[in-house]
Amino acid sequence: MHDNNIHKENYNFKTLVKSVPELQPHLKSITGKTTIDFNDASAVFLLNKALLLSHYDIRDWSIPENYLCPPIPGRVDYIHHLKDLINKNDVKGLDIGTGASLIYPLLSASVYDWEMTGVEVDETAFKKAKENLSHNPHLASKINIIHQKDRGNIFKGAIAEEEFYEFTMCNPPFYASEEDAVKANRIKNQNLKARNLTRNFAGVSTELWCNGGEALFIKRMIKESVDFKTQVGWFTTLVSRSEHLPKIYKQLDKLKATHKTVAMELGNKKTRFVGWRF
Ligand code: SAH
């Protein structure tokens, strides 16, 4: 994790439970260490609420049932690495696919006081993102949320004429089809009761998949970024599968964009984001 990431240390469950007492019944002791069952969606959700409240003063955060519950340490890591890349104060950033959680704008505004815009195509997620912001009036002047009406657009409809963003960021939809999303979710939830499984079928899919998955979404993003090259300092996106990198580099080289890959490590999980500019 990034040196400035406070989650390098183990979670302090004593403090976390103080901020969200409902977390208490979910605590377990495994070989003398306090933890929770990370396969239990309600425990993870309460842990997130507690982390957001106690470390970032993000209040009354929630997501609709079965929507993506973002692991906070990884989300904060991207933001700290972006800070290194941009190396400026008074930053304005754009988050593509902000989700119901509004996680990147909330954390960026809280940690670095950045001005953020979140764009979201899914209407339920968009409404929930607005609700999350309304519970945090102290961040309201820093965050703007836009509903993307056209699934085919990424920056169009999000970046206004003459507007300038120091950076764009994105955690792209990563499954190639609804079927893949459901399958992956089924494996993830195999420990949960069948009752929850059926609900998961309905919920996750629209949020997590787009035709072609991560690779195609990024390809479209790079292509569209050309039209906004004078309005963005650094375009960036997470690339969760390293096998997608060669094609991404090829496309960027062809467009004569300068690019940079930033590796991120979270426990035993390796990921990265690619940044490019013209
Ligand atoms: N940023 C959140 C959610 C990431 S999931 C997090 O990191 O947890 C990807 C999100 O992108 C989903 O909410 C999906 O609805 C949204 N999305 C898909 N296509 C989009 C588009 N063209 N424009 C904006 N958002 C889009």
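Any value given below was found using the heavy atoms of this structure, including those in side chains, with hydrogens, waters and symmetry copies removed. This one's a predicted model, so the numbers in the text were calculated from it and none came from an experiment.
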One should read off an interatomic distance between L102 CG and F126 CZ, to the nearest 0.5 angstrom, of 10.5 Å
Between S108 and I79, the two heavy atoms sitting closest are OG-CD1, 3.5 Å
In short, I63 meets F45 closest at the heavy-atom pair N-CE1, 3.9 Å
Report task. Using modelled atom types only, decide if a donor and an acceptor are shared between the side chain of N132 and the backbone of A100 within a distance under 3.5 Å. Result -> yes
Tell me whether T98 contacts the main-chain N or O of D95 through its side chain, where contact means a donor paired with an acceptor under 3.5 Å.
no
**Message:** Suppose we call two aromatic rings close when their centres sit under 6.0 Å apart. Are W114 and Y104 close by that rule?
**Reply:** no
NZ (K270) and CE (M264) are apart, to the nearest 0.5 Å, by 13.0 Å
Separation between CZ (F164) and CD (Q231), nearest 0.5 Å, reads 9.0 Å
### Task
Classify the side-chain pair E65/Y67 by whether it contains a donor and acceptor separated by less than 3.5 Å.
no
(request) Could you tell me whether the side chains of Y11 and T35 share a donor-acceptor contact shorter than 3.5 Å? (result) no
Among side-chain atoms of K28 and T34, is any donor-acceptor pair under 3.5 angstrom?
no
### Task
Say whether, by atom type as modelled, one donor and one acceptor occur between the side chain of E120 and the main chain of Q148 under 3.5 angstrom.
no
Query raised in the report: Would one find more than 12 heavy atoms of other residues, nucleotides or ligands at under 6.0 Å from atom CG of N89?
Result: no
Open item on the list: Could you tell me if the side chain of F228 sits less than 4.5 Å from the side chain of T168, heavy atoms only?
Closed with: no
L107 vs Y56 side-chain heavy atoms within contact, under 4.5 Å: yes
Less than 4.5 Å apart, side chain to side chain, heavy atoms only: is that true for L238 and R272? no
| request: For the residue pair Y78 and T236, confirm or rule out a side-chain donor-acceptor distance under 3.5 Å. | output: yes
- Between N136 (side chain) and L139 (backbone), is there a donor-acceptor pair under 3.5 Å? no
Quick note, salt bridge (Lys or Arg N to Asp or Glu O under 4.0 Å) partners involving residues 1-15, not counting sequence neighbours, are none
- Message: Using a 3.5 Å distance criterion without hydrogens, assess whether the side chain of H138 forms a donor-acceptor pair with backbone atoms of D57.
- Response: yes
CG (D90) and NZ (K92) are apart, to the nearest 0.5 Å, by 12.0 Å
Derivation and outcome, side chain to side chain contact (heavy atoms under 4.5 Å, CB included), residues V274 and L252:
CA-CA 10 Å; V274 172; L252 288 170; 4.0 Å; yes
Tell me whether F38 is reachable from L51 by hopping between hydrophobic residues (I, L, V, M, F, W, Y) whose side-chain heavy atoms are closer than 4.5 Å.
-> yes
What I'd like to find out is whether the side chain of T117 reaches to under 4.5 Å of the side chain of I145, using heavy atoms alone.
no
Can you see whether D84 engages H2 through a side-chain donor-acceptor pair at a distance of less than 3.5 angstrom? yes
Sorted by chain and number, sequence neighbours left out, salt bridge (Lys or Arg N to Asp or Glu O under 4.0 Å) with K83 holds for none
Does a side-chain heavy-atom distance below 4.5 Å link L82 with M169?
yes
Residues V121 and H147: closest non-hydrogen pair is O-NE2, 3.0 Å
S42 and H26 have their tightest heavy-atom pair at OG-CE1, 4.0 Å
Shortest non-hydrogen pair, L266 vs M1, comes out as CD2-CG, 3.7 Å
Which of K49, K128, H135 passes side-chain hydrogen bond (donor to acceptor under 3.5 Å, both in side chains) with S62? It is K128
Q) Would you call K127 and E131 a salt bridge, using N to O less than 4.0 angstrom? A) no
Close side-chain approach of F278 to V232, heavy-atom, < 4.5 Å
no
OG1 of T237 to CG of N171, rounded to nearest 0.5 Å, is 7.5 Å
Residue pairs meeting side chain to side chain donor-acceptor pair (under 3.5 Å), one or both in residues 238-250, sequence neighbours left out, come to E214-S240, E214-H244, R241-E243, Y249-T261
- For atom NZ of K142, is the number of surrounding heavy atoms from other residues, nucleotides or ligands below 6.0 Å larger than 12? yes
OG (S101) and CZ (R75) are apart, to the nearest 0.5 Å, by 7.0 Å
request  = For residues D253 and H259, determine if any side-chain heavy atom of one lies less than 4.5 Å from a side-chain heavy atom of the other.
outcome  = yes
Shortest non-hydrogen pair, S19 vs S54, comes out as OG-CB, 3.8 Å
task: Would you check if the side chain of E166 reaches a backbone N or O of V91 as a donor-acceptor pair within less than 3.5 Å?
output: no
F155/F235 aromatic ring centres below 6.0 Å = yes
Discussion item. Do I103 and L52 have side chains that approach each other closer than 4.5 Å (heavy atoms only, starting at C-beta)?
Written reply: yes
Quick one, K223 with L255, criterion side chain to side chain contact (heavy atoms under 4.5 Å, CB included). Give me CA distance, side-chain angles, the key distance, then yes/no. CA-CA 9 Å; K223 185 161 180 252; L255 293 170; over 6 Å; no
**Item:** Side-chain donor or acceptor of N5 paired with backbone N/O of P73 under 3.5 Å
**Value:** yes
Exercise. May I ask you to check whether W276 and S225 show a side-chain donor-acceptor distance below 3.5 Å?
Key: yes
